[in-house]
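Values in this document were obtained by computation on a predicted structure and should not be read as measured data. Chain A is the first sequence line, chain B the second, and so forth, proteins listed ahead of strands; every chain is numbered from 1.
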Amino acid sequence: MYQLLFREGTARRGVFETVHGTVQTPAFMNVATSAAIKGGISAGDLETLKCQVMLCNTYHLHIRPGDELIADLGGLHRFTTWKRPILTDSGGFQVFSLASLRKITEEGVHFSSHVDGKKIFMGPEESMRIQSHLGSTIAMAFDECIENPAPYDYTANSIARTARWLARCKAEMARLNAQPGTINPHQLLFGINQGATYDDLRIQHMQQIAEMDLDGYAVGGLAVGEPTEVMYHILDVVEPYMPINKPRYLMGVGTPSNIIEGVARGIDLFDCVMPSRNARHGHAFTWQGIRNLNNAKYERDMLPLDEDCECPVCQNYSRAYIRHLLKSGEILGGRLLVAHNLWFYNTLMERIREALDNHSFEAFRAENCEQVGTRI
RNA sequence: GUGGGUAUGGCGUAGUUGGUUAACGCGUCAGUUUGUGGCACUGAAGACCGUGGGUUCGAAUCCCACUAUCCACC
C-alpha cells in the first residue's frame, strides 16, 4: 500500500507499506541478481549499508539454483536471510540483453540458458510462477524491453503484446496468490511501461496498463542507449498518465544525477548495477564525483574514498590501501568499494528524502545535479 | 680453460631463403560501464632488437670481435 505524503513540483515523497516492511520513497533498490550482491556483500551488510529493498532476478534464479528448490527451502527471504522487501525482476530484460539467443512469440520467449545452453521457455505464466516460488515482495510483469533504436511499427506491435502479457500476468498472479501453500500470498505485481522513444506509444501504453489497477508501475526500456535528454523527455511525457496513488519505478537507472532528475520527474523507486559493477572495476561514487581508485595519483593518498562520507569503509580505510588491494587483485578491494558505493546510493536517497521533507528538493537538485551545476 | 646455446619495450616471448611505421601476453597509464551472460571492455605509452665493426641498395635476421648469461665437458 503506497501513500503519497506530499509533492514538491512533480517530485514525490511517499511511504510504501509491504508485508516485509515499510519503504520510504524515493528509494534505491540494491541489485542482487543471483540472490547476492556481487562483490561479497551479505544480507547483514546490506542492513548496515542502509539498503531498503533488495532486487533479485527471475531468469538467473530459475536457471540456478532453480525456483522450485528455493520454494522448497522456504523462499528467497529465508534463503538469503534478508527480511525486508525483495523485488524480483521478471526476466523480461533478459529477452533484451540475451537477444542473440532468443525467439519471441505471442506465448512467450524461447531462450538458451547462458549456463549450459539448455532451451528454456518463459512466458507471462512461467515468470509469475517462478516469482511466486521465489516469494518476493514485488513481482515484475513479464515484458519485452525493446532495444534502441526500434522501428515504430515494431514498437507498436511489441507494446500491444506486452499489454496482453500483462493481463495474463495479473490473472496468473491472482491465481497463484490464492493457492494454498503459496510462500507470499500477498505478492504484489508491478506493470511495466514500454514504447521506446515514441511519445504517443508511451502514453497509449501507459494509459492501457494504468487501467489494469496494478500494485505499482514501472517505466522500462530506458537507459538502453538513447541520449539522456531523451530519457528525461519520455519521463516528462509519461508522468501525467501514471496513477498518482501507486509507486513508480524507473528500471535500471542510473547515475546519481539520473536519479535526482528521475525524482524530479515523479519517480519513487530506482535500481541500477552501477554502484556494484563500477566498484568491481575500481570506481568510487563520492560527493565530489567519481574516483577511479586504479589511478596512480592515489598511490600515497591516505584520505578516505570520500571525505564527506560516514560509511564503515570511509571510517577506516584509505584510498592508497584500496588502490593497493585493487592492483593486487584482492577481493577485499572490490568488496570495500561496493560497500561504499551502496552506502553512497542509499545515502543519496536519504538526502533526497530529507530535502523533500524540508521542501528544499529543488535546491538540492540544483546543487548536485549535472543538468544544472554538476557535482555528482 | 674447451665446446655449444641464448641476448628483442619493466617481465616473459614471437619474429631467419635479409625488404614498408618490429608482433603478442603480463605489467604500467587512462577511459568505458544504467531492470548485471562481466575480476569485463576500449584505448595509450613504452624497444634506436646486448656492444662495436663488417657484408648489402637494405640487417633483429648473414659474418667477425667483444661483453653478459646458461648448459655440457676437462
Original post:
To the nearest Å, how far apart are A/I130 CD1 and B/G35 C1'?
Top reply: 16 Å
**OP:** Considering only atom P, compute the distance from B/C24 to B/C41 and round it to an integer number of Å.
**Re:** 16 Å
Subject >> Nucleotide forming a Watson-Crick or wobble pair with B/G3, both distances under 3.5 Å >> reply: B/C71
**OP:** Rounded to whole angstrom, note down the P distance from B/A7 over to B/G43.
**Re:** 31 Å
**OP:** Classify the side chain of A/H60 and the base of B/U36 as holding, or not holding, a donor-acceptor pair under 3.5 Å.
**Re:** no
Original post:
Does a sphere of radius 6.0 Å around CG in A/L69 hold more than 12 heavy atoms from other residues, nucleotides or ligands, not counting ones at 6.0 Å or beyond?
Top reply: yes
**OP:** Report which part of the nucleic acid A/S113 touches: base, sugar-phosphate, or nothing (heavy-atom distance under 4.0 Å, all strands).
**Re:** nothing
Subject >> Rounded distance in Å - CD (A/Q131) to P (B/G35) >> reply: 17 Å
Original post:
Does A/I259 reach the side chain of A/Y345, with side-chain heavy atoms less than 4.5 Å apart?
Top reply: yes
Subject >> Between B/A65 and B/U2 - P atom distance, rounded Å >> reply: 13 Å
Original post:
Out of B/G35, B/G38, B/C29, which has the shortest distance to the side chain of A/L55?
Top reply: B/G35
Subject >> B/U36 pairs with, by Watson-Crick or G-U criteria that keep both distances under 3.5 Å >> reply: none
Subject >> Nucleotide nearest A/N278 (side chain, heavy atoms from C-beta), chosen from B/G31, B/G35, B/U33 >> reply: B/U33
Original post:
So which one's nearest nucleotide on RNA chain B is more toward 5', A/A32 or A/N294?
Top reply: A/N294
Original post:
Heavy atoms under 4.0 Å, any strand shown: does A/I331 hit a base, just sugar-phosphate, or nothing?
Top reply: nothing
Original post:
Between B/G35 atom P and A/M122 atom CE, what is the distance in whole Å?
Top reply: 18 Å
Original post:
Please give, in whole Å, the distance from B/C41 P to A/R280 CZ?
Top reply: 14 Å
Original post:
Has the side chain of A/S97 got a donor or acceptor atom sitting under 3.5 Å from an opposite partner on the base of B/U36?
Top reply: no
Original post:
For A/S90, which contact category applies under a 4.0 Å heavy-atom criterion: base, sugar-phosphate, or nothing?
Top reply: base
Original post:
Is the Lys NZ or Arg CZ of A/R265 less than 6.0 Å from the centre of A/Y232's six-membered ring, within 45° of the axis?
Top reply: yes
Original post:
What nucleotide among B/C29, B/U34, B/G35 has an atom nearest to a side-chain atom of A/N258?
Top reply: B/U34
**OP:** Measure from the ring center of A/F111 to the ring center of A/Y59 and say whether it is less than 6.0 Å.
**Re:** yes
Subject >> Pairwise P distance, B/G52 and B/G15 [rounded to whole Å] >> reply: 25 Å
Original post:
Do any side-chain nitrogens or oxygens of A/K327 fall under 4.0 Å of OP1 or OP2 in B/C29?
Top reply: yes
**OP:** Check step by step if side chain to side chain donor-acceptor pair (under 3.5 Å) holds for A/T48 and A/D45.
**Re:** CA-CA 5 Å; A/T48 306; A/D45 295 332; 5.5 Å; no
Original post:
Does any N or O donor sit under 3.5 Å from an N or O acceptor when you compare the side chain of A/N57 with the base of B/G35?
Top reply: no
Original post:
Roughly how far apart, to the nearest Å, are B/G54 and B/G10 at atom C1'?
Top reply: 33 Å
Original post:
Any side-chain N or O of A/Q94 under 4.0 Å from OP1/OP2 of B/G35?
Top reply: no
**OP:** Among the candidates B/U36, B/G35, B/A40, find the nucleotide nearest to the side-chain atoms of A/C145.
**Re:** B/G35
Original post:
Is the shortest heavy-atom distance from the side chain of A/I104 to the side chain of A/R161 under 4.5 Å?
Top reply: yes
**OP:** Have a look at A/R291 and say if it touches a base, only the backbone sugar-phosphate, or nothing, with a 4.0 Å heavy-atom cut-off.
**Re:** nothing
**OP:** Evaluate the side-chain proximity of A/M206 to A/P243: yes if any heavy-atom separation is below 4.5 Å, no if none is.
**Re:** yes
**OP:** Please give the nucleotide sitting opposite B/U13 as a Watson-Crick or G-U wobble pair, both distances under 3.5 Å, or none.
**Re:** B/A23
Subject >> Nucleotide of B/G38, B/U32, B/U34 approaching A/H283 most closely (side-chain heavy atoms) >> reply: B/U32
Subject >> Base paired to B/A44 (Watson-Crick or G-U; both N/O distances under 3.5 angstrom) >> reply: B/U28
Original post:
Mind checking who B/G52 pairs with, Watson-Crick or G-U wobble, both distances under 3.5 Å?
Top reply: B/C64
Original post:
How far, in whole Å, is B/G53 from B/C26 if one measures between their P atoms?
Top reply: 38 Å
Original post:
Would you say the side chain of A/H133 lies within less than 4.5 Å of the side chain of A/H62, judging by non-hydrogen atoms?
Top reply: no
Original post:
Toward the 5' end of RNA chain B, which comes first, A/V31 or A/G329, by nearest nucleotide?
Top reply: A/V31
Subject >> Assigned partner base of B/A59, Watson-Crick or wobble definition, under 3.5 Å >> reply: none
Original post:
Could you give the CE-to-P distance, from A/M274 to B/C41, as a whole number of Å?
Top reply: 19 Å
**OP:** Could you check whether A/Q194 gets within reach of a base, just the sugar-phosphate, or nothing at all, counting any heavy atom under 4.0 Å?
**Re:** base
**OP:** Using a strict cut-off of less than 4.0 Å between a Lys/Arg side-chain nitrogen and an Asp/Glu carboxylate oxygen, indicate whether A/E47 and A/K83 qualify as a salt bridge.
**Re:** no
**OP:** Give the nucleotide from the list B/U34, B/U28, B/A30 with an atom nearest to the side chain of A/A296.
**Re:** B/A30
Original post:
With sugar-phosphate meaning primed atoms plus P, OP1 and OP2, does A/D89 contact a base, only sugar-phosphate, or nothing at under 4.0 Å between heavy atoms?
Top reply: base
**OP:** Scan A/G39 against the nucleic acid and name what it touches under 4.0 Å (heavy atoms): base, sugar-phosphate only, or nothing.
**Re:** nothing
Original post:
Less than 3.5 Å between a donor and an acceptor, one on the side chain of A/R277 and one on the base of B/U33, is that the case here?
Top reply: no
Subject >> Length of the CZ-C1' vector between A/R64 and B/G37, whole Å >> reply: 10 Å
**OP:** Starting from C1' on B/G35, measure out to CD1 on A/I138 and report it in whole angstrom.
**Re:** 13 Å
Subject >> Same-atom distance (C1') from B/C62 to B/C49, integer angstrom >> reply: 16 Å
Original post:
Atom CZ of A/F93 and atom C1' of B/U36: how far apart are they, to the nearest Å?
Top reply: 8 Å
Original post:
Which whole number of Å gives the distance between the P atom of B/C11 and that of B/G19?
Top reply: 27 Å
